[in-house]
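One structure below.
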Amino acid sequence: MTRTDDAVVAVLPRLEPFLREWIDTQRVMSGVPAVQVAVRLGKDVLFSYASGVTDTATREPVTTQHAFRIASHSKTFTATLIMQLVERGELSLDATVGSLIPELADAPVASRTVRALLGHQAGVERDGVDANWWQRTKLFPNRNELIAELQHDSVYPANTHFHYSNLAYSLLGLIIEAATKRDFNDVALDVVPVLSEFMGAPATLGPDLGAGADVEIVSGHAAPLGYWRDGDAETVSPVVAPVDTRAQASATGFWANAETISAWLSAHALGTDLFLNDDSKRLMQRKESTITKNGLTRFYGLGWIQRAIGKRHVIGHSGGFPGHITQTWGDPKTGLAVSVLTNRIDGKASDWATAIIRLLDEAAHEVARAESDDVSDVNGTFWALWGATAVVALPGVALQLSPAAVDPAGVMTIMHPDDDGALRSVPEDGFADAGEVMRVERDEAGVASITVTGITSWREGLYAANRDGLLNGAL
């Protein structure tokens, strides 16, 4: 089995109250109706939380058991099913499309290999000439319509550029059907019992609407009309009607909850002996392509997006579907996995999943550096007209964090206890409170207020009592 992230396991319970508040704050600030988050290490769920509503019309509270459209996460399942066929000797990565799908024997895509399709190196169009099934003007293509789409000229020759393609992964679904003589959705459901056994609970997972389980998929939401410009705008995100992805299920049809999709990532860690052997996993997790854009470098293997988050190299996938944006990252060395699912088209799932990993690792790092195991009594969220300041007390160190920050680790202040019960920020270059003392006032209920750079923040009840006076300048 994989080695454990002992330090992360140790700090997460103390970070959990902040994580809940941070998720709530980020959701409200971004206008996302619902967010679902799971953090796990192998079989163990370390954190699971849901915030908001499944539907802005019904106002039903979202739970950790609701399912979201995870869209292009589907590609990781399709790639795994292909590699299972390869392991069993039923398919070759060097096999060509023309040899596997007779209807495409004379198409431009005929010479492309299975491996090129898996790595988005086949040069196939991303979605086709008229792909407005993504906007409900027509149905997603059936098999015959997909074959017709695949008759088009390629965008690039094979292995020229990384070119992300939903059509390529839809074609891989046809290849799975050809190799197994079974419907793709039925083959995909074979992973459910194995994943359920690994989780120790029923996996909430399936390809397309309602297949394989009786679960409720949360409604997807479009961005409000006019939200990008000044002036009046809708304040409620409109609901996007659900749809069957038909022959594109292998590219975008899956749904799951965060606990399940995080387990899928943990199961793909090396040494678990689940779904594939380690040789196949290493092959899938190699950096087939390097993609640098807007200052961010990511990599793609065979079905996995890859990147560095701090010192971690993680694998995973994002998912974009009308009304849903999702992201899951997993560490293939340790089995740590973080999944963030949202039900609005502009949800910040990728930013939030990355931020959670960064915060966990930075907190664990600071505890490891601390010179004592003492834990300060300054812990919780404090309020001022400037907003909320959270203090997370850890063994030997305290973290000053902002629930409003998209990347809290990127702006956090590290503090150590003084002898008089105050906290002092570490000395460093900075525009804020580096090197200064956080003064602490206590009453019979505990810590009443903190004062940083001369500005006082009170615990919630005291701030609520004082707020009108602060707003009106009467204090």
Checking [Y] against [X]: is there a side-chain donor and acceptor pair closer than 3.5 Å?
X      : Y      : value
Gln306 : His313 : yes
Asp24  : Tyr49  : yes
His221 : Thr56  : yes
His73  : Ser339 : no
Thr297 : Thr292 : yes
Ser219 : Asp55  : yes
Ser289 : His120 : no

Just so I know, are the side chains of [X] and [Y] near enough to count as touching, which here means a heavy-atom distance under 4.5 Å?
X      : Y      : value
Gln400 : Ile414 : no
Leu117 : Leu171 : yes
Ile70  : Phe77  : yes

Checklist outcome for this item: Here the gap from Ile305 atom CD1 to Phe299 atom CZ, rounded to the nearest 0.5 Å, amounts to 12.5 Å
Item to check | Separation between CD1 of Ile23 and CZ of Arg27, rounded to the nearest 0.5 Å | outcome: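 If we round to the nearest 0.5 Å, Ile23:CD1 and Arg27:CZ are 10.5 Å apart.
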Item to check | Ile176/Leu85 under side chain to side chain contact (heavy atoms under 4.5 Å, CB included): CA gap, chis, key distance, verdict | outcome: CA-CA 8 Å; Ile176 289 169; Leu85 292 170; 4.3 Å; yes
Next on the checklist: The test is ring-ring contact (aromatic ring centres under 6.0 Å, His included); show your working for Trp255 and His324 and say whether it passes.
Outcome noted: CA-CA 11 Å; Trp255 46 263; His324 293 269; over 10 Å; no
Next on the checklist: Taking atom CD as the centre, does Gln135 end up with more than 12 heavy-atom neighbours from other residues, nucleotides or ligands that are less than 6.0 angstrom away?
Outcome noted: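 No.
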Checklist entry - Would a distance-only check, ignoring hydrogens and angles, find a side-chain to backbone donor-acceptor pair under 3.5 Å from Thr113 to Ala116? => result yes
Checklist entry - Does the Arg344 side chain pair with the main chain of Gly31, one donor and one acceptor, at a distance under 3.5 Å? => result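 Side chain of Arg344 to backbone of Gly31, a donor-acceptor pair under 3.5 Å: yes, one is there.
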Item to check | Residue from Val340, Thr326, Thr328 passing side-chain contact (heavy atoms from CB on, under 4.5 Å) with Ile261 | outcome: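 Running side-chain contact (heavy atoms from CB on, under 4.5 Å) over Val340, Thr326, Thr328 with Ile261 returns exactly one hit, Thr328.
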Item to check | Stepwise ring-ring contact (aromatic ring centres under 6.0 Å, His included) check, Tyr300 with His317 | outcome: CA-CA 10 Å; Tyr300 206 91; His317 223 286; 5.8 Å; yes
Next on the checklist: I need the full list of salt bridge (Lys or Arg N to Asp or Glu O under 4.0 Å) pairs touching residues 95-122, with sequence neighbours left out, sorted by first then second residue.
Outcome noted: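 Residue pairs passing salt bridge (Lys or Arg N to Asp or Glu O under 4.0 Å), neighbours aside: Glu103-Arg143, Arg115-Glu288.
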Checklist entry - Tell me the salt bridge (Lys or Arg N to Asp or Glu O under 4.0 Å) pairs involving residues 359-369, sequence neighbours left out? => result Arg312-Asp361, Glu366-Arg369
Checklist entry - Run the side chain to side chain contact (heavy atoms under 4.5 Å, CB included) check on Arg307 and Trp329 step by step: do they pass? => result CA-CA 9 Å; Arg307 63 163 295 182; Trp329 292 120; 3.5 Å; yes
Checklist entry - Any idea how Trp133 and Phe140 line up, ring-wise: parallel (<30°), tilted (30 to 60°), or perpendicular (>60°)? => result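 Aromatic pair Trp133/Phe140 classed tilted.
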Item to check | For Glu60, salt bridge (charged side-chain N to carboxylate O under 4.0 Å, His left out) partners two or more places apart | outcome: none
